[in-house]
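Remarks on the structure that follows.
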Amino acid sequence: MPEGPSIVILKEEAAKFAGRKVTAVSGNSKIDLARLKGKKVLRLQSWGKHFLICFNGFIVRVHFLLFGSYRINDRKPQAPRMSLTFTNGEINFYSCSIKMLEGDVSDHYDMSIDVMNDAWDKKKAMEKLQLVPAELVCDALLEQDIFAGVGNIIKNEVLYRIQVHPESTVGALPVAKARKMVDEARNYSFDFLEWKKKYELKKHWLAHTKTICGKCNGPITRKITGTKKRRSFFCNECQRLYQ
DNA sequence: TATAATGTTTGAAC
DNA sequence: AGTTCAAACATTAT
């Protein structure tokens, strides 16, 4: 469930709880859940892969990692990490990381880094890339400090779209390619959002988990790449290695 | 059934 | 002391 666009979908689905009071709270999270009881949710936000439940003076941050999930007006058999009940429904979170942050969202998050946010700033991403010229692009795209919300699927699809080999070095990319990478990190994320909403995300994958390149009919290489050691799927023929 | 996978934090080891 | 790395966590489809 993890990448940024999926969290945007959650935010939209949970929007009906904004302005509502938490009438009951439970779960096996180690944070002080009792603090939420009777408090009003001011708004629901997202930043990258973080889902933010904002209260007056503090925020509950939910991160789904690899296996986390949620249900709205529904439950899974297992015990929820956190369950929030409102007068108009409930939301349950499973096997996720939950933290309490003091203060406002702006004290903790820079929304201009979130590829899904209206405040996203292309120039800022370009500037941050220039600070890590030695990094491989497959790692750079996964940097949440640069591309908050981008995950491994988006990484692979972006690199395929712009025809850049995942083991290319950031500093070796021509500026026009770097710009394309930044642009597509956002563009593909929005495509991901639309496809995911229609339950047809996988149908549109061109590189991720594929074995044949649709462009040249050659093989798609699958390889663990970068210091992050994540799976990369790429076409050696169509994706150029810059180094 | 065993494996691998849309991810991050932590703490040991250097 | 700062950096690096692997382990830990946890679920489900294949």
Side-chain angles (χ1 to χ4, degrees), chain A residues 1-13 27-31 46-52 59-71 74-83 91-101 108-110 113-116 131-132 134-161 166 184-211 220-234:
Chain A
M1 110 121 288
E3 301 193 34
S6 298
I7 307 302
V8 170
I9 291 172
L10 164 56
K11 177 176 68 176
E12 292 173 359
E13 290 176 347
N28 56 24
S29 168
K30 58 266 137 224
I31 70 161
S46 64
W47 179 87
K49 301 165 189 172
H50 298 209
F51 178 55
L52 307 173
I59 303 148
V60 173
R61 188 216 74 173
V62 180
H63 196 300
F64 293 93
L65 294 102
L66 206 47
F67 308 125
S69 60
Y70 68 92
R71 292 290 185 275
D74 190 17
R75 296 176 184 188
K76 298 182 78 172
Q78 67 232 60
R81 181 79 80 240
M82 178 172 73
S83 173
I91 183 165
N92 301 301
F93 300 93
Y94 304 90
S95 48
C96 49
S97 165
I98 298 182
K99 282 188 178 163
M100 192 126 30
L101 306 176
H108 300 273
Y109 294 99
D110 177 353
I113 285 169
D114 177 3
V115 297
M116 299 303 294
L131 299 177
V132 291
E135 199 167 17
L136 300 186
V137 296
C138 58
D139 286 326
L141 275 169
L142 293 173
E143 292 289 355
Q144 300 302 295
D145 281 344
I146 305 178
F147 299 104
V150 170
N152 207 37
I153 295 173
I154 295 173
K155 174 198 84 178
N156 284 141
E157 293 298 315
V158 165
L159 291 173
Y160 183 83
R161 275 189 175 185
E184 283 305 321
R186 180 168 164 93
N187 286 341
Y188 186 81
S189 294
F190 279 92
D191 287 343
F192 183 123
L193 174 65
E194 293 312 311
W195 291 330
K196 177 99 184 176
K197 282 180 175 174
K198 291 191 263 181
Y199 305 101
E200 58 179 38
L201 179 63
K202 291 183 188 180
K203 193 171 93 183
H204 297 277
W205 288 347
L206 300 177
H208 195 255
T209 73
K210 307 300 279 188
T211 53
I220 289 282
T221 301
R222 165 185 169 159
K223 184 183 179 188
I224 302 295
T225 59
T227 61
K228 293 191 159 45
K229 298 194 165 91
R230 302 297 304 276
R231 299 196 298 176
S232 285
F233 296 85
F234 56 95

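Quick note: numbers below take in every heavy atom, side chains included, and nothing from hydrogens, waters or symmetry partners.
Straight-line distance from the CG atom of A/Leu65 to the P atom of C/dA10: 10 Å, rounded to whole Å. Atom CZ in A/Phe147 sits about 15 Å away from atom P in B/dG7, given to the nearest Å. Between the CG atom of A/Leu66 and the P atom of B/dT9 there is a distance of 14 Å, given to the nearest Å. With rounding to whole Å, A/Trp195 atom CH2 is found 15 Å from B/dT6 atom C1'. Atom-to-atom, CZ of A/Phe233 to P of B/dA5 comes out at 6 Å; the value is rounded to the nearest Å. At whole-Å resolution of the value, CZ in A/Phe64 and P in C/dT12 are 13 Å apart. We find that OH of A/Tyr94 is positioned 15 Å from C1' of C/dT12, with the value rounded to whole Å. When rounded to the nearest whole Å, the span between CD1 of A/Ile224 and C1' of B/dT6 equals 14 Å.
Under 4.0 angstrom from either OP1 or OP2 of C/dT11 there lies at least one side-chain N or O belonging to A/Ser95. For B/dT6, one of the phosphate oxygens OP1 or OP2 lies less than 4.0 angstrom from a side-chain nitrogen or oxygen of A/His208. Taking only side-chain nitrogens and oxygens, A/Arg230 never comes nearer than 4.0 Å to OP1 or OP2 of B/dA5. Of the side-chain N and O atoms in A/Lys49, one or more sit less than 4.0 angstrom from OP1 or OP2 of B/dT8. The shortest distance between the side-chain N/O atoms of A/Arg231 and the OP1/OP2 oxygens of B/dA5 is below 4.0 Å.
A/Arg222 and A/Thr209 form no side-chain donor-acceptor contact under 3.5 Å, judged by distance and modelled atom types alone. Side-chain contact annotation: A/Lys155 with A/Ser232, donor-acceptor N/O pair under 3.5 Å present.
Where DNA chain B pairs in unbroken runs of 3 or more (Watson-Crick or G-U, both distances under 3.5 Å), the stems are B:2-5 with C:11-14, B:7-14 with C:2-9.
Of the residues near DNA chain C, A/Lys202 and A/Phe67, the one whose nearest nucleotide (by heavy atom distance) lies more toward the 5' end is A/Phe67. If you find the closest nucleotide of DNA chain C to A/Lys76 and to A/Lys229, the one lying nearer the 5' end belongs to A/Lys229.
Taking atom C1' on both B/dT6 and C/dC5, the two are 23 Å apart, rounded to the nearest angstrom.
Qualifying side chain to side chain donor-acceptor pair (under 3.5 Å) partners for A/Glu13, counting only residues two or more places apart in sequence or in other chains: A/Tyr70.
Listed for the A/Trp195 side chain is no donor-acceptor partner under 3.5 Å among the backbone atoms of A/Lys202.
Using cut-offs of 30° and 60° on the angle between ring planes, the pair A/Trp47 and A/Tyr109 is tilted.
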